[in-house]
Amino acid sequence: MAPMILVLNGPNLNLLGRRDPKVYGGDTLADIEAACVRGAAGLGVGVEFRQTNSEGRLVEWIQQAQADFAAIVINAGAYTHTSVAVLDALLACGVPIVEVHLSNIHQREEFRHHSYVSKAAHGMICGFAGHGYELALEAVARMLETGNADKE
């Protein structure tokens, strides 16, 4: 059975395609999910997409990931910049993590330059709109394939 990758999406990502397309691109979250499902098949992994506007739900999903998933790709949305709870859950989850952002957070408002998620992530991909998710899946698949999933 192919390793399963959990793709987590935080607040307001359900609004993609309608919310500020100049910043976030024109793809909906469903469009991004469909592209990732197609791409994952070619990488020999499976994906499960989830989205929530609730910080607590996001933390619960992260905590449960170790039992059912080989890795996490996460776009925590605004919780990236505010949530120590998400960071703590990621640090404890025990699976490889890749952080993804649709926009280049380092070219945006100052408060978006800091990421709590980065402290737990193996790497970050930002600024490539929806394609960033596919790049994150490629990175995770390579880490799993080579056994290079330990943070150094």
Side-chain angles (χ1 to χ4, degrees), residues 4-37 39-40 45 47-144 148-152:
M4 288 296 295
I5 311 304
L6 180 59
V7 181
L8 295 176
N9 295 280
N12 298 313
L13 291 167
N14 56 310
L15 300 177
L16 290 178
R18 299 179 305 202
R19 180 182 175 217
D20 206 351
K22 289 181 181 175
V23 173
Y24 300 108
D27 291 336
T28 67
L29 194 57
D31 295 334
I32 294 169
E33 179 178 2
C36 286
V37 168
V45 298
V47 294
E48 182 173 320
F49 255 68
R50 298 181 187 174
Q51 187 279 327
T52 184
N53 292 320
S54 167
E55 182 179 25
R57 174 65 55 96
L58 192 58
V59 167
E60 289 171 356
W61 287 341
I62 294 166
Q63 290 175 353
Q64 295 165 357
Q66 187 175 20
D68 299 317
F69 296 94
I72 295 173
V73 169
I74 184 168
N75 181 345
Y79 295 137
T80 299
H81 318 292
T82 64
S83 181
V84 174
V86 169
L87 167 62
D88 288 346
L90 289 168
L91 287 170
C93 78
V95 300
I97 300 158
V98 174
E99 176 180 6
V100 64
H101 297 284
L102 297 160
S103 65
N104 184 340
I105 62 174
H106 303 290
Q107 292 179 340
R108 299 191 58 202
E109 304 92 338
E110 186 71 29
F111 74 89
R112 295 186 196 273
H113 297 185
H114 178 266
S115 167
Y116 283 100
V117 172
S118 290
K119 176 91 172 144
H122 288 74
M124 176 204 292
I125 297 170
C126 66
F128 294 99
H131 184 63
Y133 284 80
E134 294 172 81
L135 295 171
L137 285 175
E138 286 181 39
V140 166
R142 181 168 291 168
M143 283 191 297
L144 294 173
N148 190 17
D150 294 325
K151 287 176 62 175
E152 297 183 23

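Model, not experiment: these values are computed from the prediction.
Annotation for Met143 and Pro96: closest pair CE-CB, 4.0 Å, computed over non-hydrogen atoms. Here the closest non-hydrogen pair linking Ile97 and Ala120 is CD1-O, 3.7 Å. Closest approach of Pro11 and Ala78 over heavy atoms only: CG-N, 4.1 Å. For Ala136 against Val98, the heavy-atom pair with the smallest separation is CB-CG1, 3.7 Å. Taking both residues in full, the closest heavy atoms of Gln63 and Ala89 are given as CG-CB, 4.4 Å, listed atom of the first, atom of the second, then distance. Nearest heavy atoms, Leu16 versus Asp27: CB-O, 3.4 Å.
Between Val47 and the options Val140, Val37, Val73, a side chain to side chain contact (heavy atoms under 4.5 Å, CB included) holds for only Val37. Under the side chain to side chain contact (heavy atoms under 4.5 Å, CB included) test applied with Phe49, the options Leu8, Leu6, Val7, Ile5 reduce to a single match, Val7.
Between the side chains of Ser115 and Glu99, at least one donor N or O lies within less than 3.5 Å of an accepting N or O. Side-chain contact, Glu55 with Asn53: no donor N or O sits under 3.5 Å from an acceptor N or O.
Atoms CZ and CG, from Arg50 and Leu13 in turn, are 15.5 Å apart once rounded to the nearest 0.5 Å. The distance from atom OG1 of Thr82 to atom CG of Leu87, rounded to the nearest 0.5 Å, is 11.5 Å. Considering CG of Leu90 and CD1 of Ile72, their distance stands at 6.0 Å, rounded to 0.5 Å. The structure places CG of Leu135 at 11.0 Å from SG of Cys126, a figure rounded to the nearest 0.5 Å. With rounding to the nearest 0.5 angstrom, the CG atom of Asn104 is 9.0 Å from the CE atom of Met124. Between the CG atom of Asn75 and the CG atom of Leu29 there is a distance of 9.0 Å, given to the nearest 0.5 Å.
Gln51 places a side-chain N or O within 3.5 Å of a backbone atom of Gly10 that can act as its donor or acceptor partner. Here the side chain of Asn9 pairs no donor or acceptor atom with the backbone of Asn14 at under 3.5 angstrom.
Remark: Arg57 pairs with no residue by the side chain to side chain donor-acceptor pair (under 3.5 Å) rule, at least two apart or across chains.
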> Is there a side-chain contact (heavy atoms from CB on, under 4.5 Å) between Ile125 and Tyr133 once you walk through the steps?
Replying inline: CA-CA 8 Å; Ile125 297 170; Tyr133 284 80; over 6 Å; no
>> Between Tyr116 and Ser83, does the side-chain contact (heavy atoms from CB on, under 4.5 Å) criterion hold? Intermediate values first, please.
In response: CA-CA 7 Å; Tyr116 283 100; Ser83 181; 5.8 Å; no
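Ring centroid separation for the pair Tyr79 and His81 does not come in under the 6.0 Å cut-off.
Counting heavy atoms from C-beta on, the side chains of Phe69 and Val95 never come closer than 4.5 Å.
Within a 6.0 Å radius of CZ in Phe128, other residues, nucleotides and ligands contribute 12 heavy atoms or fewer.
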